[in-house]
Each structure stands twice: as structure tokens, then as C-alpha cells.
Q: 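Dumping the structure here so I can ask a few things about it.
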Amino acid sequence: TFGILHNETGNHYEALRYLDRSLAIESNNNPWSLYNKAMTLRTLRYFEEYHKLLINLLEIDPENPDYIAELAFCEVQRGNYPEAVKCCKKAIKKGYQNPLVYTWLCKAYVKMDCMRESFAAAREGIKKFPDQEAELYAFLGIGHMELEQFEEAKTGFQKGLNLDPDSEVFPYLLDTVEKMSKKRGEKVIKKQACASKKI
């Protein structure tokens with residue numbers, strides 16, 4: 001409990017000290033302290049140690065959706081994207097109720113250059129958790145951009161911006177899709193002009 005309190009107040013290294021003391025007293029059957037230590041390491045971005053603790057937790061409780069979802073996030077941070085996809089899908093199947101798992105899934109797919117899969121995951125996440133996770137609308141809009149559905153992309157990015165008004169990403173994406181839309185419009189006009197000349 002001291003470890004958790006130190007975490008809450010931002011004293012993460014002190015939190016680790018107390019959680020290690022707890023684990024020294026009872027290490028074999030103490031998933032509570034193990035999980036809290038893992039979350040502290042996550043905050044400190046010590047992803048290799050965090051990964052090891054998650055593996056230990058999953059050995060204790062292999063079907064725990066929280067542990068599986070945390071492992072998905074960890075694998076994204078470690079750059080192990082195929083494993084991240086596998087963990088995200090498993091967490092969703094186990095009923096993990098947090099839209100972030102879809103965000104992690106989208107990120108992993110994008111890093112693997114699987115844009116259609118990312119688009120589908122974003123749509124599924126938004127359908128399940130509407131208006132809860134702004135970043136999903138970024139992946140949704142990018143999917144529409146890939147299909148040259150620029151108006152749909154604008155709508156997606158605008159919804160994301162409404163959810164996260166302080167974001168610097170959505171204004172950039174809106175500007176990008178506006179330029180792409182304009183460029184396509186200019187190409188259409190040129191084609192029409194060329195066609196009329198031939199006639």
C-alpha cells in the first residue's frame with residue numbers, strides 16, 4: 001500500500017522500494033504487488049523489466065485480460081508488433097473493456113504497414129466505444145485517406161479534435177487531407193479539360 005501511495009504522488013522510485021520489500025516477504029503468491037511493480041516500471045518506461053513481470057503474472061493467471069492487454073501495450077513499446085497484435089486480439093476476445101486496446105492494435109498494424117487492418121480495427125473500436133478515444137479517430141481518418149475518401153477522413157479527424165481539443169495532431173491531419181482533396185480536385189479538372197480538347 002505504501003508503494004501504491006508513492007506511485008500516486010509521483011515518487012516512483014520510492015514506490016519500487018516498498019513494492020520490492022513486499023515481494024521479498026512473499027514473492028510466490030503476491031500478484032497484487034507484482035502487478036503494481038509492473039505498472040510502476042511502465043510509468044518509468046523500463047519496458048524490458050516491465051515485460052518480464054508481465055510474463056510472470058501471466059504464468060500465475062494466464063487468462064487475465066488485464067495482464068494480456070498490458071502485455072499488448074508493452075509489445076508495442078518494444079517494437080514487437082506481431083506479438084502486440086496477437087495480445088490485443090486475445091485481450092479483446094477475453095472481454096477487455098478499454099478502447100485503448102484498439103488504439104494499440106491500430107498502432108501495431110500501422111507499424112507493420114497493414115493499413116486496411118488498422119482501418120478495420122479503428123472502426124470496430126469506435127463502434128464498441130464511441131466518443132471515448134480520440135486517437136481511434138486519427139486511425140479511422142487515415143484509413144479513409146488511404147481510400148481517397150477525403151470527406152469521411154475530415155469528419156473522422158474533426159470528431160477526434162472535438163474529443164481532444166488540445167491535440168496538435170488533428171489540425172495537422174485536417175490540413176493534410178484538405179491539401180490532398182484539393183490536389184485530387186485539380187487533377188479531375190485537368191482530366192476534364194484534356195477530354196474536352198480531344199472532343
Q: Test of understanding: clusters of I, L, V, M, F, W, Y form through side-chain heavy atoms closer than 4.5 Å, transitively. Do Leu5 and Trp32 belong to the same one?
A: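 Leu5 and Trp32: separate clusters.
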
Q: Salt bridge or not between Lys107 and Glu135? Use side-chain N to carboxylate O under 4.0 Å.
A: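 So Lys107 pairs with Glu135 through a salt bridge.
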
Q: To the closest 0.5 Å, what do you measure between CD (Glu133) and SG (Cys106)?
A: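 The CD atom of Glu133 sits 10.0 Å away from the SG atom of Cys106.
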
Q: Hey, what do you get for OG (Ser118) to CG (Leu105), rounding to the nearest 0.5 Å?
A: 7.5 Å

Q: Within the 4.5 Å heavy-atom criterion, are Ile126 and Asp131 side-chain neighbours or not?
A: no

Q: Kindly say whether Glu14 contributes a backbone atom to a donor-acceptor pair with the side chain of Asn11 at under 3.5 angstrom?
A: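 Side chain of Asn11 to backbone of Glu14, a donor-acceptor pair under 3.5 Å: no, none is there.
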
Q: Can Leu23 be reached from Ile4 by stepping across I, L, V, M, F, W or Y side chains whose heavy atoms are under 4.5 Å apart?
A: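 As far as the 4.5 Å side-chain criterion goes, Leu23 and Ile4 are not connected within one cluster.
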
Q: Would you say Leu41 and Phe2 are hydrophobically clustered, going by side-chain heavy atoms of ILVMFWY under 4.5 Å?
A: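 In one cluster with Leu41: Phe2, no.
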
Q: Assess the side chains of Gln77 and His51: does a donor N or O sit below 3.5 Å from an acceptor N or O?
A: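 Per modelled atom types, Gln77 and His51 side chains form no pair under 3.5 Å.
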
Q: For Arg78, is there an ion pair with Glu83 - N to carboxylate O distance below 4.0 angstrom?
A: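 Arg78 and Glu83: not salt-bridged.
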
Q: At what distance, to the nearest 0.5 angstrom, does CD of Glu117 lie from CZ of Phe139?
A: 13.5 Å

Q: Quick one: closest heavy-atom pair of Leu57 and Pro31, and the distance?
A: CD2-O, 3.6 Å

Q: Do the side chains of Met180 and Leu174 join up, straight or via other hydrophobic residues, at under 4.5 Å, putting them in one cluster?
A: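 Yes, because Met180 and Leu174 connect within a single hydrophobic cluster, where side-chain heavy atoms sit under 4.5 Å apart.
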
Q: Should the ring pair Phe47 and Phe73 be called parallel, tilted or perpendicular, given that the plane angle runs from 0 to 90° and is split at 30 and 60?
A: perpendicular

Q: Side chains of Asn30 and Ser22: donor-acceptor distance under 3.5 Å anywhere?
A: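 A donor-acceptor contact under 3.5 Å links the two side chains.
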
Q: Near Lys179 NZ, under 6.0 Å, is it more than 12 heavy atoms from other residues, nucleotides or ligands?
A: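 Counting neighbours around NZ of Lys179, 12 or fewer heavy atoms of other residues, nucleotides or ligands fall under 6.0 Å, so no.
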
Q: Is there a side chain to side chain donor-acceptor pair (under 3.5 Å) between Tyr50 and Glu70? Walk through the geometry before answering.
A: CA-CA 9 Å; Tyr50 168 52; Glu70 284 299 324; 2.3 Å; yes

Q: Starting at CG of Asn36, measure out to CG of Leu53 and round the result to the nearest 0.5 Å.
A: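 Spacing of CG (Asn36) from CG (Leu53) equals 11.0 Å.
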
Q: Checking Lys52 now: which residues fulfil side chain to side chain donor-acceptor pair (under 3.5 Å) with it, not counting sequence neighbours?
A: Glu49

Q: Are Tyr13 and Leu34 co-members of a hydrophobic cluster defined by side-chain heavy atoms under 4.5 Å apart?
A: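 Leu34 clusters together with Tyr13.
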
Q: Which heavy atom of Ile92 sits nearest a heavy atom of Lys128, and at what distance?
A: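 Ile92 and Lys128 have their closest heavy atoms at CG2-NZ, 4.5 Å.
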
Q: Identify the two heavy atoms, one from Val85 and one from Ala108, that lie closest to each other, and give their separation to 0.1 Å.
A: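 Nearest heavy atoms, Val85 then Ala108: CG2-CB, 3.7 Å.
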
Q: Sequence neighbours excluded, which residues qualify as side-chain contact (heavy atoms from CB on, under 4.5 Å) partners of Ala91?
A: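 Per chain and number, Ala91 pairs via side-chain contact (heavy atoms from CB on, under 4.5 Å) with Ile68, Ala69, Tyr96, Val101.
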
Q: Got Met112 and Pro82 here, is their nearest side-chain heavy-atom distance under 4.5 Å?
A: yes

Q: Using side chain to side chain contact (heavy atoms under 4.5 Å, CB included), reason through Leu147 and Phe119 one step at a time and then give a plain yes or no.
A: CA-CA 10 Å; Leu147 298 169; Phe119 183 45; 3.7 Å; yes

Q: What heavy-atom pair brings Asn98 and Phe129 nearest, and what distance separates the two atoms?
A: N-CZ, 3.6 Å

Q: Is the ring centre of Tyr35 less than 6.0 Å from the ring centre of Tyr67?
A: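 When the ring centroids of Tyr35 and Tyr67 are compared, they turn out to be within the sub-6.0 Å range.
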
Q: Going by the rule side chain to side chain donor-acceptor pair (under 3.5 Å), which residues pair with Tyr172 if we only count those two or more places apart in sequence or in a different chain?
A: none

Q: OG/Ser167 to CZ/Phe157 distance, rounded to the nearest 0.5 angstrom?
A: 11.0 Å

Q: Which atom names give the shortest non-hydrogen contact between Ile142 and Met115, and what distance separates them?
A: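 Taking every non-hydrogen atom into account, CG2-CE, 3.6 Å.
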
Q: List the atom of Phe170, the atom of Ala134, and the distance in Å for their closest heavy-atom pair.
A: CZ-O, 3.2 Å

Q: Filter on side-chain hydrogen bond (donor to acceptor under 3.5 Å, both in side chains), then keep only pairs touching residues 141-151, sequence neighbours left out; what's left?
A: His144-Gln149, Glu151-Lys154

Q: For Tyr81, which residues count as a ring-ring contact (aromatic ring centres under 6.0 Å, His included) partner, sequence neighbours excluded?
A: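 Partners of Tyr81 under the ring-ring contact (aromatic ring centres under 6.0 Å, His included) test: none.
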
Q: Apply side chain to side chain contact (heavy atoms under 4.5 Å, CB included) to residues Val169 and Leu161 and explain how you reach the verdict.
A: CA-CA 8 Å; Val169 173; Leu161 184 61; over 6 Å; no

Q: To the nearest 0.5 Å, what is the distance between CG (Leu100) and CD (Gln132)?
A: 10.0 Å

Q: For Tyr102 and Glu124, what are the C-alpha separation, side-chain angles and deciding distance, and is it a side chain to side chain donor-acceptor pair (under 3.5 Å)?
A: CA-CA 8 Å; Tyr102 286 97; Glu124 186 182 336; 3.0 Å; yes

Q: Among all residues two or more places apart in sequence or in another chain, which pass the ring-ring contact (aromatic ring centres under 6.0 Å, His included) test with His6?
A: Tyr18

